[in-house]
Amino acid sequence: MDGDTFITREGFILNVFGYEHPENRVFAFLKYIPSRFKELFNIRLLERTWRLGETELFRAEKLYTAQNYQTFLQVFRKNFPEYVYFCPFRRKEVISAPLNRIVEVYVPRERLKTLIESKNRDALQELTLEFVNLVSSESRVPLEDFGVHGSVALGMHSAESDIDIVVYGSQNFRRVEASIEKLVGEGLLSYVFNNRLDAARRFKGRFKGKVFMYNAIRKPEEVAIRYGECQYTPITAVKFRCKVRDDSGAMFRPAIYKIEGYTPIGGLALSREMFPEAVVSMIGCYRNVARKGQHIEVSGMLERVENTKTGKITYHVVVGTAESEEEYIWPV
């Protein structure tokens, strides 16, 4: 499931991306690079390092740029070709790990359970549990529907690490979102806004001096599509404004905004039958940036979507194709 983290035989740590995966493979993005492979990656790395067991790990300064993704693809293609998969339904190469290369999986829900049962918790682990219990109590979302993500989940956190949690289910997420807003109003939490997207998402804050983040993961019953059910064909880059008609899938990754009122900004005029029905963000920072009834400005790739079972054809716009740095969703 999206949000799960896994370690491969080579020591790479990747996060699962999305909910559609080929048989015996999983789509993922690279998060941590073992130090022995550091020189293969010609990208800017954070000065800070992490350690899992005996392995020293590095992380890209920016995880989600088109340039970095293409670099990751090139390095894997040349040195670890089993991590590159040509998707016949998207007609392009993507990073994908074979299941037989995975040695350990960290599921957020299970990591929280392990943390609760642990007898020897450190200060950050204690604070993480205190935060989860506070939000669970205020929102009345059971602890079973929360999970721990990030370095705390992997047990490789330090004093610099943040509290990174997940909430399972769209309705649970909305309840948690409202409860965090209430707790901010009461002064028990505060928001942290580093940019306009943070201000729109309100997913980041501070609890007792420590930064926290929370995101959403679909419950199994909320996964409506399987790999191979749709064929995706890129048409053209587009830039436009529109109104969010349905935000029920906006908090997940991929984030799905059903839209109406497509209004192009310059560029190519589309025939009405090609007007997109949805905006789909592959980039996590564009999750939950707008709610139903709000307007957004979008730059992305128009795609033709053909259902391979029914033959029905629709159109959507993808943000985060890894082809351009100029793809975005901005709240208007």
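None of these values were measured; they are calculated from a predicted model.
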Check your understanding: Do you see a donor-acceptor pair shorter than 3.5 Å between the side chains of Asn215 and Arg201?
Key -> yes

Review point. Are a donor atom and an acceptor atom from the side chains of Gln125 and Ser118 found within less than 3.5 Å of each other?
Key: no

Review point. Stepwise, does the ring-ring contact (aromatic ring centres under 6.0 Å, His included) test hold for Phe76 with Tyr85?
Key: CA-CA 10 Å; Phe76 280 138; Tyr85 173 71; over 10 Å; no

Check your understanding: Distance only, no hydrogens: is a donor on one side chain within 3.5 Å (strictly under) of an acceptor on the other, for His157 and Asp162?
Key -> no

Practice item. Please confirm whether Tyr227 and Phe89 have ring centers closer than 6.0 angstrom. Key: yes

Review point. Should we count NZ of Lys31 as having more than 12 external heavy atoms under 6.0 Å?
Key: yes

Check your understanding: For the atom pair OG (Ser35) and CG (Leu45), what is the distance rounded to the nearest 0.5 Å?
Key -> 11.0 Å

Practice item. Determine the minimum heavy-atom distance between Ser190 and Phe212, stating which atoms define it. Key: O-CE2, 4.1 Å

Revision key, fill the gap. One should read off an interatomic distance between Met156 CE and Ile13 CD1, to the nearest 0.5 angstrom, of 4.0 Å

Review point. What distance do Arg9 atom CZ and Glu82 atom CD have between them, rounded to the nearest 0.5 Å?
Key: 9.0 Å

Practice item. Identify the two heavy atoms, one from Ala290 and one from Tyr257, that lie closest to each other, and give their separation to 0.1 Å. Key: O-CE2, 3.6 Å

Practice item. Taking all non-hydrogen atoms of both residues into account, name the closest pair between Glu160 and Lys210 and its distance. Key: C-NZ, 4.1 Å

Review point. Does the cation-pi check pass for Arg287 over Phe252, that is, NZ or CZ under 6.0 Å from the six-membered ring centre and within 45° of its axis?
Key: no

Review point. Considering all heavy atoms of both residues, which atom of Tyr315 and which atom of Ile235 are nearest to each other, and what is their separation?
Key: CE2-CG1, 4.5 Å

Exercise for review: Using salt bridge (Lys or Arg N to Asp or Glu O under 4.0 Å) as the criterion, list what pairs up with Asp145, not counting sequence neighbours.
Suggested key: Arg109, Lys219

Check your understanding: If you round to the nearest 0.5 Å, how far is CD of Glu297 from CZ of Arg241?
Key -> 5.0 Å

Check your understanding: Is it true that Arg174 and Asp247 have a side-chain N and a carboxylate O under 4.0 angstrom from each other?
Key -> yes

Check your understanding: Would a line drawn from the ring center of Phe58 to the ring center of Phe37 be shorter than 6.0 Å?
Key -> no

Point to revise | Test: Arg101 and Glu10 ion pair at under 4.0 Å | key: yes

Check your understanding: Any side-chain heavy atom of Tyr286 within less than 4.5 Å of one from Tyr328?
Key -> yes

Point to revise | Side-chain H-bond candidate by donor/acceptor type, Ser324 with Glu326, under 3.5 Å | key: no

Exercise for review: Look at Lys312 together with Glu306 and state whether they make a salt bridge at an N to O cut-off of under 4.0 Å.
Suggested key: no

Point to revise | By salt bridge (Lys or Arg N to Asp or Glu O under 4.0 Å) - contacts of Arg272 (at least two apart) | key: none

Review point. Could you give the distance from CZ (Arg245) to CD (Gln294), rounded to the nearest 0.5 Å?
Key: 16.0 Å

Practice item. Would you indicate whether Glu260, at its atom CD, is surrounded by more than 12 heavy atoms from other residues, nucleotides or ligands within a distance under 6.0 Å? Key: yes

Review point. Is the side chain of His295 donor-acceptor paired with the backbone N or O of Cys242 at a distance under 3.5 Å, no angle test?
Key: no

**Study point:** Candidate pair Phe146 and Tyr214, rule ring-ring contact (aromatic ring centres under 6.0 Å, His included), full reasoning
**Key:** CA-CA 10 Å; Phe146 285 91; Tyr214 71 103; 9.4 Å; no

Practice item. Compute the ring centroids of Phe240 and Tyr262, then answer whether they are less than 6.0 Å apart. Key: yes

Point to revise | Cation-pi geometry met for Arg111 and Tyr106 (6.0 Å, 45°) | key: no

**Study point:** Sub-6.0 Å ring centroid separation between Tyr232 and His316
**Key:** yes

Point to revise | Side-chain donor-acceptor contact under 3.5 Å, Arg48 with Ser161 | key: yes

Practice item. Evaluate whether atom CG of Asn195 has more than 12 neighbouring non-hydrogen atoms of other residues, nucleotides or ligands under 6.0 angstrom away. Key: yes

**Study point:** Considering all heavy atoms, the nearest Tyr191-Glu181 contact
**Key:** OH-CA, 3.2 Å

**Study point:** Atom of Asn307, atom of Cys230 and distance for their closest heavy-atom approach
**Key:** CA-SG, 4.2 Å

Practice item. Kindly say whether Val132 contributes a backbone atom to a donor-acceptor pair with the side chain of Ser136 at under 3.5 angstrom? Key: no

Point to revise | side-chain contact (heavy atoms from CB on, under 4.5 Å) between Phe173 and Asn288, worked out | key: CA-CA 11 Å; Phe173 178 84; Asn288 204 41; 3.6 Å; yes

Point to revise | Residues, nucleotides or ligands: over 12 heavy atoms within 6.0 Å of Lys92 NZ | key: yes

Practice item. For this output row, return yes or no: ring centroids of Phe207 and Phe131 closer than 6.0 angstrom. Key: yes

**Study point:** Output field: ring centroids Phe72/Tyr83 closer than 6.0 Å
**Key:** no

Point to revise | Between NZ on residue Lys204 and CZ on residue Arg206, distance to nearest 0.5 Å | key: 10.0 Å

Review point. Looking at Arg175 and Glu177, does any basic side-chain N land under 4.0 Å from a carboxylate oxygen?
Key: no

Review point. Is any side-chain N of the basic residue among Lys182 and Glu138 closer than 4.0 Å to the acidic one's carboxylate O?
Key: yes

Exercise for review: Give the C-alpha distance, both sets of side-chain angles, the deciding distance and a yes or no for salt bridge (Lys or Arg N to Asp or Glu O under 4.0 Å) between Glu303 and Arg90.
Suggested key: CA-CA 10 Å; Glu303 287 189 344; Arg90 290 173 172 81; over 6 Å; no

